[in-house]
Each structure stands twice: as C-alpha cells, then as structure tokens.
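Structure first, then comments.
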Amino acid sequence: DQALARNLGLVITRLETARSLDFVEQAEATFDPVFGWSNRLSGAQSSSDRQLGNPSARDFSSDISLSRKFSWGGTLTLGTGMTRLWADGGSLNSTASSFDLGTSLSYTQPLLAGAGRAVNLSALIAAKEGATRTRLALRASALDLIRDTEVAYWSLAGARTLVALRETSLRSAESLLEQVQTKRRLGDATALEELQAAAEVANQKVAVLNAQQSVDGAEMRLRRTLGRGDAAEIEQAVLVEAIPAVAVAAPEPFTQWIRQAANFDFDTAIQLSALAQANSTLEAARQNDAPQLDLTLSGANLGPSVLGLNQAYNGLRDSSGWSNSISLTYRLPLGSRESAANLRSASRARQQAEFRLADVRQNLVFNARATWRDLEAARARVDSATSALALQRQSYEGERARYAAGQSDILRVLQAQAALDATQLNWIQSLLDARSASARVARLDGSLLARHGFSLEAAEAKVGAGLPMDEPLPPLPATP
C-alpha cells in the first residue's frame with residue numbers, strides 16, 4: 001500500500017496516463033460543433049462620385065455560423081447574416097439605412113482523399129490506442145513496483161538475519177579467544193595461537209560492521225520503493241519480519257505456466273495496441289493516396305433590401321428569394337510524391353509493429369523460461385544450503401569440542417569457523433534468491449496481485465493516494 005501510494009516514479013506514470021486521456025478528448029473535440037461570428041465594416045467611393053460630390057457608400061455586415069464535421073469527412077454549416085447599407089453623411093442610427101437578411105445551408109463531402117471514417121477517425125484512434133498503451137504501462141509499472149518492493153523487503157530481512165548470524169560468529173570467536181587464553185595460562189597453548197584467535201575476533205567484528213552496512217543499504221532501497229525519503233522519517237527503522245527459512249512454493253509445469261504468462265503479458269498487449277494503430281494509419285494513408293475531389297451543396301434564402309430591420313425580417317419571411325448551387329472541386333498534386341511517401345511510411349511502420357510484436361513474444365518465452373528455471377534452481381539451492389548449514393554447524397561444534405579436549409589445533413577450528421561463515425552466507429543468499437525468483441515468476445503470470453490482496457483496479461486506485469497534490473488524479477475509465 002505504501003509503495004503504490006507514495007512512490008514518485010509511479011505517480012509520474014499515472015499522470016502520464018491521465019494526460020493521454022486528455023489527448024483522447026482533444027481528438028474527439030474535432031467533431032464538436034463550432035460557432036462562428038464575423039463582423040465587417042467597410043466603405044467605398046468611386047472617382048466619379050468624388051468628382052460629382054456624391055457621398056460615399058458604407059456597409060456593415062454581421063454573419064453567424066454553426067458548423068460541424070462528421071466522422072465520415074463531411075462538414076455541415078448553417079449560417080445567417082445581416083447587411084446594413086447607408087450613405088456617408090447619415091449615421092448608423094439613420095432611418096435612411098437599408099437592411100437585408102439571409103440564411104444559408106451548405107454541406108461539403110470529400111469523395112476521394114479525405115473521405116471515410118478510416119481517414120477522419122485516424123487521429124482519434126491513435127489517441128485512444130496511445131491512452132490504452134499508457135494505461136497498460138501504468139499497470140505494468142504498478143506490478144513492477146510491487147515485485148521490487150517484495151524483493152527489497154526480503155532483502156532487508158535477509159540482511160538483518162545475516163547481521164544476527166555474524167554476531168553469533170563474533171561471540172563464538174570471542175569464546176574461542178577466552179578458551180585459548182585459559183589454555184595458555186595452563187601452558188597448553190602458544191602465543192601464536194592466542195594471536196590467531198584474537199585476529200579472528202577482529203575479523204568477525206569487521207564482518208559484523210559489513211553486515212550492518214548491508215542492512216543500511218537494503219533499508220534505503222526499500223525506503224526508495226516505499227517513497228519514504230523524508231529527513232524526518234529516515235532515522236526511523238523499517239520493521240520487517242524475519243525471512244522464512246522454508247522454501248517457496250513450486251511453480252506450475254512450464255508448458256502450463258507459460259500460457260498464463262503470455263495471456264497476462266503487458267508488453268504483448270502494448271505492442272498489439274501499437275499494431276492496431278499502425279493498421280489504422282495505413283488504412284488512412286491508402287485512402288488519402290488519391291486525388292482530392294470534394295462535392296459541395298449549398299442553398300440560401302435572401303431577403304429584399306428594405307428600410308428598417310423589421311421590414312427586412314418580414315421580407316425574409318414573406319418574400320425572400322433563393323439561390324442554390326452544386327460544385328465539384330478536383331485537385332491533383334503533380335507526381336503525388338507526398339501521399340505516396342506517406343503510404344510507404346505507413347506500410348513500413350506496420351511491418352515494424354508486426355516485427356516488434358513477434359520480438360516481444362519471443363523475448364517473453366526466453367525471459368519467462370529463464371525466470372522459471374531460476375525459481376526451480378533457487379528452491380533446490382535452499383534445500384541444499386539448509387542441509388549444508390546444519391552439517392557445517394555440527395562440524396564446527398565438533399572441532400571446538402576436539403580442540404577443548406586437546407585433539408585438534410587452532411587452525412582447524414578457524415577453518416571450521418570460516419567454512420561455517422561461508423555456509424551461512426550461502427544459506428541467506430539462497431533464501432533471498434528463492435524469494436526474488438518467486439516474486440519475478442508471480443509478476444509474469446499476474447499471481448503477484450492476489451498474493452498481496454490487490455486487483456489491477458485497486459492497485460491503480462492507490463497510486464498517488466499518499467501524496468499531497470493540487471488536484472486529485474482523475475479516475476481512469478475501463479481499458480478499451
């Protein structure tokens with residue numbers, strides 16, 4: 001919970017996912033209605049009017065439009081406008097002004113390039129697939145963090161266990177030194193033996209210090225995953241339970257387990273999304289690799305030019321004129337190099353996506369096999385290391401007993417102690433390797449979530465929950 005709620009790297013990934021949803025909304029906004037309002041004031045006076053002293057003509061026009069683009073490429077525009085005419089020397093409030101009103105409707109539809117949903121939805125599909133990929137990346141990052149936190153947790157537990165074992169070895173070395181000193185007072189040991197025993201005590205103190213330093217490093221790594229890096233918290237010890245001495249659970253047979261891992265793999269899902277986007281881009285490029293041919297249908301109602309705004313409205317309603325038109329616009333870039341290059345680029349991008357998908361699936365098999373084998377080997381090493389530790393302890397205790405009885409020498413005791421220390425280190429390392437391999441296997445098949453009582457949705461909801469932010473993270477909709 002702490003890692004998901006406070007890890008800064010994961011929060012950054014979550015915000016990137018939220019940004020990708022904004023990109024989807026931006027792409028959808030392309031098909032929103034657009035309101036337009038334009039105003040124009042102009043005047044004119046011909047040379048003959050100037051010579052005759054006639055006033056200049058003035059006009060003011062105001063037009064309102066509402067247009068919308070559709071997913072198949074067509075654009076519909078509704079408009080209405082007013083024009084007011086008057087002569088210079090009057091004013092805007094002059095009753096000598098004449099008005100005319102009008103309404104219009106037009107529709108433009110691309111017939112070749114730019115036509116169809118494949119072209120016009122390409123940007124929206126790209127935004128949605130991008131949002132899908134960032135969502136999958138967030139989930140993968142959350143699982144990676146849970147795995148790394150589990151590994152760091154057991155690494156700290158193992159480091160503290162190693163400190164306890166080193167301290168036990170130090171006490172054994174100190175008791176051996178006391179035994180040698182006692183024997184020397186009795187004349188049964190030499191000064192060299194006492195020196196060797198004292199050197200062993202010093203070596204064990206160094207080993208304890210090294211183990212304690214390892215604990216500090218392991219604790220800092222765990223703090224980093226937990227997001228607990230404040231100066232006020234750094235002096236507070238992180239509590240962890242002792243590392244279990246039992247072997248972790250065995251994985252399922254590889255042929256069954258790899259199917260679960262393949263079905264759960266986020267990298268594969270991300271590449272499938274990239275392939276879907278590449279297919280959409282290629283389809284749009286194929287549609288656009290054609291001349292531009294646009295059909296435009298338009299019609300308008302035109303009121304008479306009369307004095308007074310009310311009369312202009314009545315004239316538009318009762319005695320309006322009309323106009324309509326149909327037009328075809330053809331445009332062909334000579335050579336068509338741009339559209340041809342876009343088509344080649346889209347085709348190659350799709351091939352890249354296909355090969356990346358194949359590469360990801362291939363790497364999954366290799367990595368999954370190596371991880372599965374690591375767990376199998378680690379479990380076997382735990383059994384062997386546990387047996388070796390028990391035998392090595394018996395050997396050391398026996399060597400100490402023989403030395404006390406005068407049947408052994410100090411060198412053999414020190415060798416037995418060194419062998420015991422090495423065996424203890426191997427035992428701790430085998431336990432850590434098994435825990436790490438188990439976490440990596442559980443990460444690949446998705447069982448890591450159930451192990452810690454999470455679902456994907458619950459893990460996402462906890463991201464950033466423990467950090468103060470100016471605004472809460474937006475909820476994430478279901479992955480398409």
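These figures come from a predicted structure and were not determined experimentally. The first residue in the sequence is number 1, and the count goes up from there.
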Exercise for review: Would you please test Leu226 and Asn7 for side-chain contact (heavy atoms from CB on, under 4.5 Å) and show each step?
Suggested key: CA-CA 6 Å; Leu226 295 177; Asn7 186 270; over 6 Å; no

Check your understanding: Got a second to check how far Leu364's CG is from Asp267's CG, nearest 0.5 Å?
Key -> 8.0 Å

Exercise for review: Find the distance between CG (Leu282) and CD (Gln351) and round it off to the nearest 0.5 Å.
Suggested key: 9.5 Å

Review point. Quick one: CD on Gln352 to OG on Ser345, what's the gap to the nearest 0.5 Å?
Key: 8.5 Å

Practice item. Could you tell me whether the side chain of Asp63 and the main chain of Trp37 form a donor-acceptor pair under 3.5 Å? Key: no

Review point. If only atom types and distance count, is the side chain of Asn426 paired as donor or acceptor with the main-chain N or O of Ala422 below 3.5 Å?
Key: yes

Point to revise | Note: Arg361-Asp265 ion pair, threshold 4.0 Å (strictly below) | key: no

Study note, to complete from the structure: Nearest heavy-atom approach of Leu222 to Thr149 is CD1-O, 3.9 Å

Point to revise | Crowding at CD, Gln417 (>12 non-hydrogen neighbours, <6.0 Å) | key: yes

Check your understanding: For Ala276, does its backbone N or O pair with a side-chain atom of Ser280 as donor and acceptor, under 3.5 Å?
Key -> no

Review point. Does the side chain of Gln424 pick up a donor-acceptor pair with the side chain of Arg166 at under 3.5 Å?
Key: no

Exercise for review: Would you sort out whether Asp294 and Arg331 count as a salt bridge (Lys or Arg N to Asp or Glu O under 4.0 Å), showing the intermediate values?
Suggested key: CA-CA 9 Å; Asp294 296 343; Arg331 182 174 179 271; over 6 Å; no

Check your understanding: Are the charged groups of Lys205 and Glu167 less than 4.0 angstrom apart, N to O?
Key -> no

Exercise for review: Kindly give the heavy-atom pair with the smallest separation between Ala439 and Val151, and that separation in Å.
Suggested key: CB-CG2, 4.0 Å

Review point. Is it true that a side-chain atom of Asp216 and a backbone atom of Gln212 form a donor plus acceptor pair closer than 3.5 Å?
Key: no

Check your understanding: Does any N or O in the side chain of Ser214 come within less than 3.5 Å of the main-chain N or O of Asn210, such that one atom is a donor and the other an acceptor?
Key -> yes

Check your understanding: More than 12 foreign heavy atoms under 6.0 Å from CD of Glu338: is that the case here?
Key -> no

Review point. Should Gln287 and Arg117 count as side-chain neighbours, where that means a heavy-atom distance under 4.5 Å?
Key: no

Practice item. Decide whether Gln109 and Tyr107 meet the rule of one side-chain donor and one side-chain acceptor closer than 3.5 Å. Key: yes

Point to revise | Pair Asp144-Arg147, salt bridge (Lys or Arg N to Asp or Glu O under 4.0 Å): steps then yes or no | key: CA-CA 5 Å; Asp144 290 342; Arg147 176 202 62 201; 3.5 Å; yes

Exercise for review: Determine whether Pro291 and Leu293 make a side-chain contact, defined as any pair of heavy atoms from C-beta on separated by less than 4.5 Å.
Suggested key: no

Check your understanding: Is it true that atom CZ of Arg369 has more than 12 heavy atoms of other residues, nucleotides or ligands lying nearer than 6.0 Å?
Key -> yes

Practice item. Step by step, work out the salt bridge (Lys or Arg N to Asp or Glu O under 4.0 Å) result for Asp59 and Arg84. Key: CA-CA 5 Å; Asp59 72 89; Arg84 187 175 192 178; over 6 Å; no

Point to revise | N/O donor-acceptor pair under 3.5 Å between Arg14 side chain and Glu460 backbone | key: yes

Practice item. Give a yes or no answer on whether the side chain of Arg379 reaches the backbone of Val248 with a donor-acceptor pair at less than 3.5 Å. Key: yes

**Study point:** Close side-chain approach of Leu4 to Leu145, heavy-atom, < 4.5 Å
**Key:** yes

Review point. What closest approach, in Å, do Thr281 and Ser122 show between heavy atoms, and which atom pair accounts for it?
Key: CA-OG, 4.3 Å

Review point. Is it the case that more than 12 heavy atoms not belonging to Arg451 sit under 6.0 Å from its CZ atom?
Key: yes

**Study point:** Minimum side-chain heavy-atom gap Leu85-Arg58 below 4.5 Å
**Key:** no

Practice item. Please round to the nearest 0.5 Å and tell me the distance separating atom OG of Ser42 and atom CZ of Phe60. Key: 10.5 Å

Exercise for review: Begin from the C-alpha positions of Ile12 and Glu16 and carry the test side-chain contact (heavy atoms from CB on, under 4.5 Å) through to its verdict.
Suggested key: CA-CA 6 Å; Ile12 293 172; Glu16 187 66 27; 5.8 Å; no

Practice item. Among Thr75, Thr77, Leu76, find the residue that satisfies the side chain to side chain contact (heavy atoms under 4.5 Å, CB included) test when tested with Lys69. Key: Thr75

Exercise for review: Could you please spell out the steps behind the side-chain contact (heavy atoms from CB on, under 4.5 Å) verdict for Phe264 and Leu143?
Suggested key: CA-CA 12 Å; Phe264 189 76; Leu143 279 167; 3.4 Å; yes

Review point. Side chains of Asn39 and Ser62: do they bring a donor and an acceptor to under 3.5 Å?
Key: yes

Exercise for review: For Leu21 and Ala131, work out which heavy atoms get closest and say how close.
Suggested key: CD2-CB, 4.1 Å

Point to revise | Phe355 backbone acceptor or donor facing Asp359 side chain under 3.5 Å | key: no

Review point. Has Arg68 got its NZ or CZ under 6.0 Å from the middle of the six-membered ring of Phe31, at an angle within 45 degrees of the ring axis?
Key: no

Review point. Is Leu124 close to Thr30 at the side-chain level, that is, under 4.5 Å between some pair of heavy atoms?
Key: no

Practice item. Check step by step if side-chain contact (heavy atoms from CB on, under 4.5 Å) holds for Arg139 and Glu457. Key: CA-CA 9 Å; Arg139 292 184 168 187; Glu457 291 74 16; 3.6 Å; yes

Exercise for review: Determine the sole option in Leu112, Leu343, Val119 for which the side chain to side chain contact (heavy atoms under 4.5 Å, CB included) test with Asn288 is passed.
Suggested key: Val119

Check your understanding: How about Leu432 and Ile428: do any of their side-chain heavy atoms sit closer than 4.5 Å?
Key -> yes

Check your understanding: Ignoring hydrogens and geometry, is there a side-chain-to-backbone donor-acceptor pair from Thr386 to Val382 under 3.5 Å?
Key -> yes

Exercise for review: Kindly say whether Ala285 contributes a backbone atom to a donor-acceptor pair with the side chain of Asp289 at under 3.5 angstrom?
Suggested key: no

Check your understanding: Between Ser325 and Ser298, do the side chains contain an N or O donor and an N or O acceptor separated by less than 3.5 Å?
Key -> yes

Exercise for review: Hey, can you tell me if Phe254 and Trp257 have their rings parallel, tilted or perpendicular (30° and 60° cut-offs)?
Suggested key: tilted

Check your understanding: Are side-chain N/O atoms of Gln204 and Asp421 paired as donor and acceptor at under 3.5 Å?
Key -> yes

Review point. Any Lys/Arg nitrogen of Arg440 or Asp374 sitting under 4.0 Å from an Asp/Glu carboxylate oxygen of the other?
Key: yes

Review point. Which atom names give the shortest non-hydrogen contact between Thr134 and Ser20, and what distance separates them?
Key: OG1-OG, 2.8 Å

Review point. Are side-chain heavy atoms of Met82 and Asp100 found at a separation under 4.5 Å?
Key: no

Point to revise | Heavy-atom check, side chain of Leu111 versus side chain of Tyr330, under 4.5 Å | key: no

Study note, to complete from the structure: Output for pair (Arg160 CZ, Leu165 CG), nearest 0.5 Å, gives 14.5 Å

Exercise for review: Compare every heavy atom of Leu66 with every heavy atom of Pro33, then report the nearest pair and how far apart it is.
Suggested key: CB-CD1, 4.2 Å

Point to revise | Quiz item: cation-pi between Arg435 and Trp154, 6.0 Å / 45° | key: yes

Point to revise | Among Glu129, Arg135, Lys128, the one residue meeting side chain to side chain donor-acceptor pair (under 3.5 Å) with Ser273 | key: Glu129

Study note, to complete from the structure: Distance col, row Trp427:CH2 vs Gln392:CD, nearest 0.5 angstrom, shows 14.5 Å

